Amino acid sequence: MLTALALIDIDAGTVTSTHLESAQFPVEDLAIHRGEGIFETVLVSVDAETGAPRVHSEGPHFTRFEQSAAMLDLPAPPRELFEEAVAAVITAVIGSADLSTARGPVTEFSVRYAMSRGLDAHADPTAHRAAGVPHGARGWAFPIGVTDGQRAQRTDGVRVVTLNRGYDAYVGESAPWLLIGAKTLSYAVNQAAARHAVAQGADEALFVSDDGIVLEGPTSNLVIQRGDTLLTPDPRAGLLHGTTQRAVFTGAEAAGLAVAYADLTIDDVLEADAAWLVSSVRTAVPVLEVDGKTLPHDPASTSRLHGWIRAA
Ligand code: PLP
């Protein structure tokens, strides 16, 4: 069921539907051996009554994809091709013979779409700027299931450990080549941090800058509540500006709460009335513990965040 794959030939302007098992990808593609590419993961929910699918925060995801492309000097991703690819994957999942599993009908899944720079032979970073020059970039989209563990975290929460990200806050402003704030395919460091957190007996990592500013999780943003205000680290400090965090802020403002981007310390998080890690697939996950210290948790506030994210 979750085996659909749509391949995008950007130079030819075509989308081909195929299956993950029959996918072929050139090993010399720069995405494979240099992580030179960008991606997005969108949550798709399926209406239980009508079976109609909905892509959450579709526009903000694609806008960030375009921004990531610009930061890597990649060609602008053709929106209509990526929309066609995502739609083809969704149709394949929804149209598959059996949407039921042992747990019941599938009501949500995610779709990941990505674009690579292409082959080494096409790696001239300026070539794409010349109109009509083929650049060899390729795109693809495929579905991923939402796991039981991810679903459970939405209500059960996580214990996090803080990890030094190894650079000062705001370093990206003077060092754009660090690609801070771009969603690139170079996620080995994020994965290593997540494993390191688990090895320390926690569920999740929380990156902190070398100069003590709280940044983000390896695949999520932090939102804290202080009284009637929701706060999140300033993306310019050195993190990915999340679509889910923006959806939470939109919902919170509509509900009459104040929202703000701010430089937060670990103490700010420990003294918060509540804290969540927010991201597209897990939505909002309450943070129960930071470095072994307990945080307050109110399930009603968490479900309010879930509602705002679902509405986006
Ligand atoms: N920060 C990082 C490093 C991420 O990888 C992600 C998502 O995967 C996020 C934050 C949250 O972004 P979004 O809410 O758009 O999924």
Side-chain angles (χ1 to χ4, degrees), residues 1-46 51-62 64-66 68-69 72 74 77-101 105-119 136-151 182-188 190-191 218-219 240 243-244 279-283:
M1 173 190 73
L2 295 170
T3 56
L5 172 69
L7 292 173
I8 305 167
D9 183 328
I10 292 179
D11 293 335
T14 56
V15 175
T16 309
S17 288
T18 175
H19 298 279
L20 280 173
E21 315 87 73
S22 56
Q24 292 196 337
F25 205 80
V27 290
E28 70 270 41
D29 191 290
L30 286 159
I32 290 183
H33 57 93
R34 294 232 197 261
E36 277 247 66
I38 55 173
F39 76 104
E40 287 293 328
T41 308
V42 291
L43 182 67
V44 181
S45 60
V46 185
R54 191 150 77 87
V55 180
H56 294 275
S57 294
E58 191 172 14
H61 275 286
F62 200 80
R64 189 172 63 191
F65 196 55
E66 292 172 319
S68 298
L72 270 74
L74 287 167
R79 187 170 191 142
E80 64 293 346
L81 292 185
F82 279 91
E83 281 177 355
E84 186 183 334
V86 170
V89 168
I90 292 173
T91 303
V93 174
I94 305 276
S96 58
D98 184 9
L99 263 182
S100 301
T101 66
V106 170
T107 54
E108 58 180 359
F109 55 95
S110 62
V111 176
R112 181 163 296 161
Y113 56 90
M115 184 171 80
S116 75
R117 191 182 296 290
L119 306 184
R138 70 190 74 232
W140 61 97
F142 62 97
I144 307 175
V146 180
T147 66
D148 288 343
Q150 289 172 322
R151 241 188 288 270
K183 196 163 167 70
T184 78
L185 288 170
S186 313
Y187 258 52
N190 301 44
Q191 303 283 86
T219 59
L240 190 76
T243 60
T244 315
S279 58
S280 296
V281 177
R282 285 184 295 168
T283 69

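Residues: numbered from 1 along the sequence shown. None of these values were measured; they are calculated from a predicted model.
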[atom1] of [X] to [atom2] of [Y]: how many Å apart, nearest 0.5 Å?
X	Y	atom1	atom2	result
D11	R138	CG	CZ	9.0 Å
Y187	F39	OH	CZ	4.5 Å
E21	T3	CD	OG1	5.0 Å
R282	T147	CZ	OG1	9.0 Å
Q150	S110	CD	OG	7.5 Å
E108	R151	CD	CZ	4.5 Å

Original post:
So, are K183 and E40 salt-bridged, with charged N and O less than 4.0 Å apart?
Top reply: no
**OP:** Would you confirm whether T243, through its side chain, and P60, through its main-chain N or O, come within 3.5 Å as a donor-acceptor pair?
**Re:** no
Please give me the minimum heavy-atom distance between [X] and [Y], naming the atom from each residue.
X	Y	answer
G13	L81	O-CD2, 3.5 Å
S22	T18	OG-OG1, 3.0 Å
S68	I38	CB-CG2, 3.6 Å
L74	G37	CD1-CA, 4.5 Å
L43	V146	CD1-CG2, 4.1 Å
F25	S116	CZ-OG, 4.5 Å

**OP:** Answer with yes or no whether the side chains of H56 and S45 bring together a donor and an acceptor at under 3.5 Å.
**Re:** yes
Original post:
Do P77 and E66 come close enough that some side-chain heavy atom pair is under 4.5 Å?
Top reply: yes
Original post:
L2 and side-chain contact (heavy atoms from CB on, under 4.5 Å): which partner among V93, I144, V111?
Top reply: V93
**OP:** Report the residue from I8, L7, D9 that forms a side-chain contact (heavy atoms from CB on, under 4.5 Å) with T14.
**Re:** D9
Original post:
For atom CD of Q24, is the number of surrounding heavy atoms from other residues, nucleotides or ligands below 6.0 Å larger than 12?
Top reply: no
Original post:
Taking everything shown except R54 itself, do over 12 heavy atoms lie less than 6.0 Å from its CZ?
Top reply: yes
Original post:
Given F62 and V42, is the side-chain contact (heavy atoms from CB on, under 4.5 Å) satisfied, shown in steps?
Top reply: CA-CA 10 Å; F62 200 80; V42 291; over 6 Å; no
Original post:
How are the rings of F82 and F65 set relative to one another: parallel (under 30°), tilted (30 to 60°) or perpendicular (over 60°)?
Top reply: perpendicular
